[in-house]
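Lettering follows sequence order; numbering is per chain, from 1. Since the model is a prediction, treat every value here as computed from it, not as a measurement.
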2 protein chains.
Amino acid sequence: MSEVAATGISVLLVDDHPIVRQGYRRVLESQGDLHVVAEADNAAEAYGAFKAHDPDVVVLDISMPGASGLEAIRNIRARSPRARILVFTMHNEAVLVKAAFGAGASGFVTKSSEPSAVVHAIRSVARGERAMSDDIAHVLAADSLSPTGSVLDQLGEREIEILRQFAGGATTEQIATHLNLSVKTVQNYHYLIKSKTGARTDAQLVRLAATCGLTRI
Amino acid sequence: MSEVAATGISVLLVDDHPIVRQGYRRVLESQGDLHVVAEADNAAEAYGAFKAHDPDVVVLDISMPGASGLEAIRNIRARSPRARILVFTMHNEAVLVKAAFGAGASGFVTKSSEPSAVVHAIRSVARGERAMSDDIAHVLAADSLSPTGSVLDQLGEREIEILRQFAGGATTEQIATHLNLSVKTVQNYHYLIKSKTGARTDAQLVRLAATCGLTRI
DNA sequence: TGCAGCTCGGGCAAATTTCCCGAGCCGGAT
DNA sequence: ATCCGGCTCGGGAAATTTGCCCGAGCTGCA
């Protein structure tokens, strides 16, 4: 329970829901060795808070579709490669998990995990180890056994993100705003995704996204 | 701050994420007058826990869309009409909100609300009042400016048929051909269906059709 | 008889989609 | 060092669709 220095582990909490954040804080701080030194409620703030507090571990909830979560991971790691980032989200799609690790995350834990598993993961990544919850391990394992060139493999990160939000019901303008892009660019991606996947209709696109686990219905 | 009996308010927490649940518990219990008497992590358990503990307020996270959250609300209310249920979720679609209230919820609060707004809402519903967070009020207000009604019941035969084919991935021309209609008419139906259901996007339409069992994915 | 609602389509301005294009960036191959 | 290819980002312009209004014929119902 205390493989860590007497000073404990400092944590930066990133989540866009205030009350959720406050809940995590209480759970983590009740552990004794975990100290939440800062909170942030979006990717931009996350980077600022990281620079300001240099925490041992960043617990990052990219709950909203990947959004700029991957970007935040890259930004933080670009600044300090020793940063330990634990992604903590309700999503469990293999694409997302691989993207997160690819971006430099040290761990990936779903919210369906037991609290004890989460704090254990935090301690693990603080020690420099890689960590993931059991369900994520299963998802990755299953995924690695299927040589199925999923349709999603032909799509870039941006394209997947936009497809996810679109399939989730978001408007073109909403997506543009969320991702800070021009409406025109989102429209172009929309078209590009359709031609890449061969979908002739928005409805087909949604079904595609659903069958690929990009969105649930 | 204490319009409630000295015994305080007993709460049943329902959320499918253990750590989130534990976080809420801590936030609520730090209030003094709120006591979490039980937790559940799915709709079925929620009903059992309600029967066993008869809490003043059920705080229910129907995180998955449609899902069985509404069913849980109905079950609980069928058993005890005086039950107070506060829906607490990250979703803010008007359809969902109306469905929740229609099923018997007393309040609807999004996770982007301040923690204080959440505990305030709990106290409100405990007093028998209706409660909702500001963002939900805005969504409902905007929505109510075009009286939509429930959902599929307001659609005519033709409309349902066209929605089914559309959600199945059919092109406007294909639908027109299949039904022997002019493209223009199909377009008009498309538009009509959107305005009737309140869907702003084709993707939302597909999701709607799917949750209504009109199409499989 | 008259109202109400579904079905079917026309019209037309506004918005979006569809393609095609170039530019910057980066990583990998030569 | 250089080129190539892919991703990202947007402009432009024609084609299409949307959004919203309209009228007409049909039904069932009061």
(request) Sequence neighbours left out, what passes side chain to side chain contact (heavy atoms under 4.5 Å, CB included) with A/Ser80? Give chain and number order. (result)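 A/Ser80 satisfies side chain to side chain contact (heavy atoms under 4.5 Å, CB included) with A/Phe50, A/Arg82, A/Ala83 once adjacent residues are dropped.
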(message) Taking side chain to side chain contact (heavy atoms under 4.5 Å, CB included) as the definition, give me every residue that meets it alongside A/Val37, ordered by chain and number, with sequence neighbours left out.
(response)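 Once residues adjacent in sequence are excluded, the partners of A/Val37 under the side chain to side chain contact (heavy atoms under 4.5 Å, CB included) criterion are A/Ser10, A/His53, A/Pro55.
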(message) Can you see whether A/Asp61 engages A/His17 through a side-chain donor-acceptor pair at a distance of less than 3.5 angstrom?
(response)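 Side chains of A/Asp61 and A/His17: no pair found under 3.5 Å.
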(request) Assess the side chains of A/Arg26 and B/Gln22: does a donor N or O sit below 3.5 Å from an acceptor N or O? (result)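 Side chains of A/Arg26 and B/Gln22: no pair found under 3.5 Å.
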Polar atom pairs between nucleotides 13-21 of chain C and protein, under 3.5 Å, N or O only, would you list them?
| from | atom 1 | to | atom 2 | distance (Å) |
| --- | --- | --- | --- | --- |
| C/dT18 | OP1 | A/Lys194 | NZ | 3.4 |
| C/dT18 | OP2 | A/Lys194 | NZ | 3.3 |
| C/dT18 | O4 | A/Lys184 | NZ | 2.9 |
| C/dC19 | OP2 | A/Tyr191 | OH | 3.2 |
| C/dC19 | N4 | A/Asn188 | OD1 | 3.0 |

(message) Taking the basic N atoms (NZ, or NE/NH1/NH2) and the acidic carboxylate oxygens, is any pair closer than 4.0 Å for A/Arg158 and A/Glu161?
(response)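 Looking at A/Arg158 and A/Glu161, the cut-off is not met.
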(request) Could you please name the option among D/dT8, D/dG10, C/dC8 that lies closest to any side-chain atom of A/Ser182? (result)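 The nucleotide sitting nearest to the side chain is D/dG10.
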Nearest whole Å is fine: how far is [N] [atom2] from [X] [atom1]?
{"X": "B/Leu179", "N": "C/dG9", "atom1": "CG", "atom2": "P", "result": "10 Å"}
{"X": "B/Tyr189", "N": "C/dG5", "atom1": "OH", "atom2": "C1'", "result": "11 Å"}
{"X": "B/Leu181", "N": "C/dG9", "atom1": "CG", "atom2": "C1'", "result": "10 Å"}

(message) When you measure from the side-chain N and O atoms of B/Thr185 to the phosphate of C/dC8, is any distance below 4.0 Å, counting only OP1 and OP2?
(response)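 For B/Thr185, the contact criterion (side-chain N or O under 4.0 Å from OP1 or OP2 of C/dC8) is not met.
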(message) Taking B/Thr185's backbone N and O only, do any of them form a donor-acceptor pair with B/Ser182's side chain (distance below 3.5 Å, no angle check)?
(response)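 Yes: the side chain of B/Ser182 pairs with the backbone of B/Thr185.
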